[in-house]
Trainee: 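One structure is given below, represented as structure tokens, and several questions about it will come after.
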Amino acid sequence: MGKLTILDLRKLFWLILIFVSSIGCVYAGATPRNPIVFIHGMLASGDTYSGQLARFEANGYDPSLLHLFDWNSLSFGRGNALNELDAFVDSVRALAGGSKVFLVGHSAGSGLVYNYCKDAARTDKVNGVVLIGGFAQDTTAGHNHQIPTMNIYSTADLVAKGGADVPGAANVKLEKEDHYEVATGMAAFNAMYQFITKADLFISDAVYTDQEVVLAGKAVTLGDNTPLRGGSVQVFQVDVTTGKRMRKKPDGQFMVDHLGNWGPMKAILNASYEFVARGADSSAKPIHYFREKVKQSNRNIYLRVIPNSGMLTMMFSGLPSDSCPALAVFSASQAILNGRDSLTIDGTKLTGTDFFKPSRTTIAMFLYDGNKNGKSDLNGVGLFNMQGVFLAGIDMVFRPNETPIILEFNGRTLAVRRIPSKDGVVVPVFD
């Protein structure tokens, strides 16, 4: 072979450049990425999908394309929620250069998504929908049923009465997941990820090894998700075995912005933290959240406070204001079911009681001396039990002393301080 001339080298350079460029175009075309809007269900917030967002990111999805829509799930008319969702979709599309969105809705959120897509103009904005844990629809979503639809349901879902296939949809039938797990679990992620991306998973779950993590989130009122404008959030590192603060000064202190956002702050891997949310009204009780050890970055930590008006305000009207603690225990990724789960609080096993019977799906429970007789009767208290699902009120007394309250849920342990109810409500959260 003869020597390469300058002209030959230039030709070779351009051939290589064209070849590499063509590979890039093929790759980009094979892995499109559309914005995804996640819509929560009744009494919930965007953190329903906190774990799923982490999984999407871990599998290579651009976090700037993942969006949480918080709406007033108590607005049974839904009319205003549809308009708000439409405005939210428009803003998301504008950020993404006009791309169509995927809509993912859980429970009441699946109904909101389905109704949203009945309008022809709105249908044109949507690339596909994922309906999770909702009541079965007769057809796929969209005006004239034009939108690709995935329907994820579980025969163990008591709230949706076991669910059913939707004709024409990509149906995913699960058999073990409860009404909350059907949205938060790994099986739902596998299904929706492959439906949205048309690609296989890179890894099976979100795994982080970084020693530095970032925490942030939103502060809103329970149920209607109104931003806690003008409120504040303080974050304290606590001793994992006692719940006591490691320092007097907070490790993070933030004002809540007009959208409810607080943070971000750097945190320590495997450390435990207390999050204190206060409203702008100084007379309102602060809420003290205690969460499990930090395992990864989480920018979707929601802190819910008691609303000042409405139906839920009546439910909370019986909460005490004395030296005994009042607890609101929250399970963030599954219901607590009798026969499947084990929950012990302050030495008392609760999963054997009627509050967790197989016919009931309990996500959060409020524990305090409801009848003010100074003893734990383990009876129902307040209006929490009247709505039938998700919430429970249990008559249980926590004596004021220096020992922590120990909670054990399916082998995981969480310690919280005995904060007097006059100084706020204690919310232990199992991730």
Trainee: Identify whether the distance between the nearest side-chain nitrogen and carboxylate oxygen of Asp178 and Arg340 falls below 4.0 Å.
Mentor: yes
Trainee: Determine yes or no for a side-chain-to-main-chain donor-acceptor pair under 3.5 angstrom, with Thr197 supplying the side chain and Ala199 the backbone.
Mentor: yes
Trainee: For Thr351, which of Thr362, Leu343, Thr344 qualifies under side chain to side chain contact (heavy atoms under 4.5 Å, CB included)?
Mentor: Leu343
Trainee: With a 4.5 Å heavy-atom cut-off, do Ile336 and Phe409 have their side chains touching?
Mentor: yes
Trainee: Heavy-atom distance under 4.5 Å between the side chains of Glu402 and Arg418, does that happen here?
Mentor: no
Trainee: Are Ile345 and Ile405 side-chain neighbours, meaning at least one heavy-atom pair lies under 4.5 Å?
Mentor: yes
Trainee: My understanding is that only one of Asn225, Leu303, Thr226, Leu259 makes a side chain to side chain contact (heavy atoms under 4.5 Å, CB included) with Val220; could you say which?
Mentor: Asn225
Trainee: Just by distance, do the side chain of Ser107 and the backbone of Gly41 share a donor-acceptor pair under 3.5 Å?
Mentor: no
Trainee: Do Arg417 and Val426 pass the side-chain contact (heavy atoms from CB on, under 4.5 Å) test, and can you show the C-alpha distance, the side-chain angles, and the key distance before you say yes or no?
Mentor: CA-CA 8 Å; Arg417 294 197 317 283; Val426 176; over 6 Å; no
Trainee: Look only at the side chain of Asn72 and the backbone of Leu74, and say whether a donor-acceptor pair between them is shorter than 3.5 Å.
Mentor: yes
Trainee: Please round to the nearest 0.5 Å and tell me the distance separating atom CG of Asp251 and atom CG of Leu215.
Mentor: 10.5 Å
Trainee: So does Val129 get a backbone contact from the side chain of Thr149, meaning a donor-acceptor N/O pair under 3.5 Å?
Mentor: no
Trainee: Is any side-chain heavy atom of Glu84 closer than 4.5 Å to one of Phe69?
Mentor: yes
Trainee: Give a yes/no verdict on a cation-pi contact between Lys198 and Phe195, requiring under 6.0 Å between NZ or CZ and the six-membered ring centre and an angle within 45° of the axis.
Mentor: yes
Trainee: Can we say Lys125 and Asp90 salt-bridge, meaning some charged N sits less than 4.0 Å from an Asp/Glu carboxylate O?
Mentor: yes
Trainee: Between the main-chain N or O of Asp165 and the side-chain N or O of Asn171, is there a donor-acceptor pair closer than 3.5 Å?
Mentor: no
Trainee: Check for a donor-acceptor pair, side chain of His106 on one end and backbone N or O of Met42 on the other, with a separation under 3.5 Å.
Mentor: no
Trainee: Of all heavy-atom pairs between Gln52 and Ala183, which one has the smallest distance, and what is that distance?
Mentor: NE2-O, 2.8 Å
Trainee: Taking side chain as C-beta onward, heavy atoms only, is Gln334 less than 4.5 Å from Asn410?
Mentor: yes
Trainee: Relative to each other, are the rings of His67 and Phe88 parallel, tilted or perpendicular (30° and 60° limits)?
Mentor: perpendicular
Trainee: Measure the CD1-CG distance between Ile363 and Leu43 for me, rounded to the nearest 0.5 Å.
Mentor: 10.0 Å
Trainee: Minimum heavy-atom separation for Pro400 to Ser323, with atom names?
Mentor: CB-O, 3.4 Å
Trainee: Tell me if the aromatic rings of Tyr193 and Phe56 count as close, with their centers under 6.0 Å from one another.
Mentor: yes
Trainee: Would you please test His145 and Thr139 for side-chain hydrogen bond (donor to acceptor under 3.5 Å, both in side chains) and show each step?
Mentor: CA-CA 7 Å; His145 321 301; Thr139 61; 3.1 Å; yes
Trainee: Determine yes or no for a side-chain-to-main-chain donor-acceptor pair under 3.5 angstrom, with Thr221 supplying the side chain and Val305 the backbone.
Mentor: no
Trainee: What pairs of residues pass the salt bridge (Lys or Arg N to Asp or Glu O under 4.0 Å) test when at least one of them lies in residues 217-246, not counting sequence neighbours?
Mentor: Asp70-Lys218, Arg245-Glu274
Trainee: Rounded to the nearest 0.5 Å, what separates atom CD1 in Ile419 from atom CZ in Phe398?
Mentor: 13.0 Å
Trainee: Under a 4.5 Å cut-off applied to non-hydrogen side-chain atoms, are Asp157 and Glu177 in contact?
Mentor: no
Trainee: Rounded at 0.5 Å granularity, tell me how far OG in Ser99 sits from CG in Leu65.
Mentor: 8.0 Å
Trainee: Per the side chain to side chain contact (heavy atoms under 4.5 Å, CB included) rule, which among Val172, Val104, Leu103 passes with Val130?
Mentor: Val104
Trainee: Side-chain contact, heavy-atom cut-off 4.5 Å: Tyr289 with Ile301?
Mentor: no
Trainee: One pair to check against side-chain hydrogen bond (donor to acceptor under 3.5 Å, both in side chains): Thr48 and Tyr180. What are the steps and the verdict?
Mentor: CA-CA 8 Å; Thr48 294; Tyr180 211 38; 3.2 Å; yes
Trainee: Determine whether Leu82 and Leu112 make a side-chain contact, defined as any pair of heavy atoms from C-beta on separated by less than 4.5 Å.
Mentor: yes
